[in-house]
Amino acid sequence: MALMTGEQYIESLRKLNTKVYMFGEQVENFVDHPIIRPSINSVAMTYELAHDPEYEDLMTATSIFTGNKVNRFTHLHQSTDDLRKKVKMLRLLGQKTATCFQRCVGMDAFNAEFSTTYEVDQKYGTNYHENFKKYLEYVSENDLTVDGAMTDPKGDRGLSPSQQEDPDLFLHIVEKRPDGIVVRGAKAHQTGSINSHEHLIMPTIAMREEDKDYAVSFAVPSNAEGLYMIYGRQSCDTRKLEEGADVDLGNKNFGGQEALVVFDDVFVPNDRVFLCGEYEFAGMLVERFAGYHRQSYGGCKVGVGDVLIGAAALAADYNGAAKASHIKDKLIEMTHLNETLYCCGIACSAEGYPTEAGNYQIDLLLANVCKQNVTRFPYDITRLAEDIAGGLMVTMPSEKDFNAPKIGEVCKKYFKGVAGVPTVNRMRILRLIENMCLGTAAVGYRTESLHGAGSPQAQRIMIARQGNIQQKKELAKVIAGIKE
Ligand code: SF4
Ligand code: FE
């Protein structure tokens with residue numbers, strides 16, 4: 001099948017029969033729901049740009065299965081060049097949406113599954129790699145969006161999956177049948193899950209033998225029996241329900257999405273199972289997926305950062321403060337921080353290497369350093385953006401006030417900045433900054449920078465493992481002339 005357009009993607013969601021709950025009720029038509037639709041538009045951009053000749057090289061690739069042109073979001077990285085293009089593609093999409101466009105989790109899961117299933121089969125003679133290849137060919141030829149799902153609710157963090165009082169706090173196998181398995185549990189804060197055609201499930205942590213029922217990986221479609229989702233609410237989300245809302249939304253067209261995905265005894269046929277009890281490979285899958293996703297943040301967050309830096313610069317223009325040296329310096333600082341993140345994304349890609357299965361893996365240490373920086377720099381960038389924007393960003397009256405017959409003129413008069421710039425432009429840019437720093441898009445920028453792709457401590461564990469302090473000690477001993 002040819003690459004879908006954005007519109008075809010949106011229409012394809014209508015046919016899925018996905019079960020979605022929000023505000024305590026089942027949502028009848030999630031595709032046109034004003035709170036959900038902006039997040040669908042963000043994913044649609046990953047389809048739309050693939051048809052633009054200007055971006056074709058970044059947005060598409062050649063299928064290793066069929067030789068057909070496929071969307072890069074369904075591609076297995078074949079070189080370090082592919083890894084770099086991935087980062088550039090995510091930066092581009094961040095620039096076009098100013099939020100999380102969600103489709104990367106699937107791409108990162110494909111690449112982790114491809115190499116891990118190969119190594120499991122080498123050890124156990126299982127058939128997971130073939131299962132997975134068939135599955136990915138189906139996904140890429142049909143240009144599907146897939147929720148790469150890893151994070152379990154986790155309950156008591158001091159206990160392993162099998163030690164939890166409630167066994168469902170980590171997703172697990174409840175029954176093995178001749179034709180497949182039955183699973184129960186949930187995956188939490190799943191990016192883009194409602195906007196996905198398919199869900200590719202992975203374990204969330206390294207496991208021991210007693211947890212082997214939790215060492216499971218598989219794929220199911222959105223309409224699988226027993227599968228449903230509960231929408232995660234976002235700061236200022238109900239502004240989208242206000243009639244005629246536009247300026248107050250900051251980013252009217254695009255948004256991110258997270259949801260709780262519940263598996264209430266879902267059946268998975270054998271040919272869609274990619275790990276089933278081989279517990280010692282759970283850690284490999286986690287490490288590889290997390291590595292790819294930590295690389296991703298060196299692209300997407302940089303693109304969103306580009307928009308935020310531009311918005312801050314415009315706010316300064318509209319305030320008449322653009323020539324002040326401290327404003328110029330703050331914009332330099334924001335750019336420096338943002339480009340440092342990009343350097344990390346490119347570096348861990350350039351240092352990539354082929355796996356045993358043949359696709360390319362990023363440099364794990366550098367990808368974890370990348371994400372560790374992402375847990376910090378966007379906070380500095382948002383602080384500087386809010387500094388430049390000024391307090392009006394959080395004290396400005398509503399769009400309705402600006403449009404009201406009598407007080408509207410008063411608002412326009414007193415909130416005007418430099419002459420010649422309409423007050424509404426100033427409002428728009430301040431609301432955009434608010435949206436990215438505090439509103440619905442803060443989910444995909446500020447707070448997601450901290451917790452998405454693993455909270456800061458997860459990267460520090462990997463940095464400790466990969467940092468090779470012993471080798472560094474040896475270097476110091478040689479220089480210091482220490483002989484033992
Ligand atoms: Fe993609 Fe970034 Fe969203 Fe993750 S946070 S899904 S990498 S846009
Ligand atoms: Fe994320």
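Side chains included, hydrogens not; waters and symmetry mates left out as well; all remaining heavy atoms used. Remember, it's 1-based here, ligands and their atoms both numbered in the order they're listed.
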Q: Taking 2.8 Å as the distance threshold, tell me the number of protein N/O/S atoms next to atom 1 (Fe) of ligand 1.
A: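 Considering protein N, O and S only, atom 1 (Fe) of ligand 1 has 1 within range.
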
Q: With side-chain contact (heavy atoms from CB on, under 4.5 Å) as the test, pick out the partner of Asn368 among Glu287, Arg465, Met462.
A: Met462

Q: Taking all atoms of both residues into account, what is the closest heavy-atom pair of Gly155 and Arg157, and its distance?
A: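 Closest approach of Gly155 to Arg157: O-NH1, 2.7 Å.
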
Q: With a 3.5 Å cut-off and sequence neighbours excluded, list the donor-acceptor pairs that the side chains of residues 16-30 form with protein atoms.
A:
unit_1: Asn29; atom_1: OD1; unit_2: Val31; atom_2: N; d: 3.2
unit_1: Asn29; atom_1: OD1; unit_2: Asp32; atom_2: N; d: 3.2
unit_1: Asn29; atom_1: ND2; unit_2: Asp32; atom_2: OD2; d: 2.8

Q: So which atom in Gln78 and which in Leu76 form the shortest heavy-atom distance, rounded to 0.1 Å?
A: NE2-O, 3.0 Å

Q: In this structure, is the centre-to-centre distance between the rings of Tyr292 and His77 below 6.0 Å?
A: yes

Q: Using every non-hydrogen atom in the two residues, find where Gln102 and Gly255 come nearest and quote the distance to one decimal.
A: NE2-O, 3.4 Å

Q: Taking the inter-plane angle between the rings of Phe274 and Tyr135 on a 0 to 90° scale, is it parallel (under 30°), tilted (30 to 60°) or perpendicular (over 60°)?
A: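 Rings of Phe274 and Tyr135: tilted, 30 to 60°.
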
Q: For Lys301, counting its heavy atoms only, list the atoms of ligand 1 lying under 4.0 Å from any of them.
A: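 By the 4.0 Å cutoff, the relevant atoms are 2 (Fe), 5 (S).
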
Q: List ligand 1 atoms under 4.0 Å from Glu448, heavy atoms only on the residue side.
A: 5 (S)

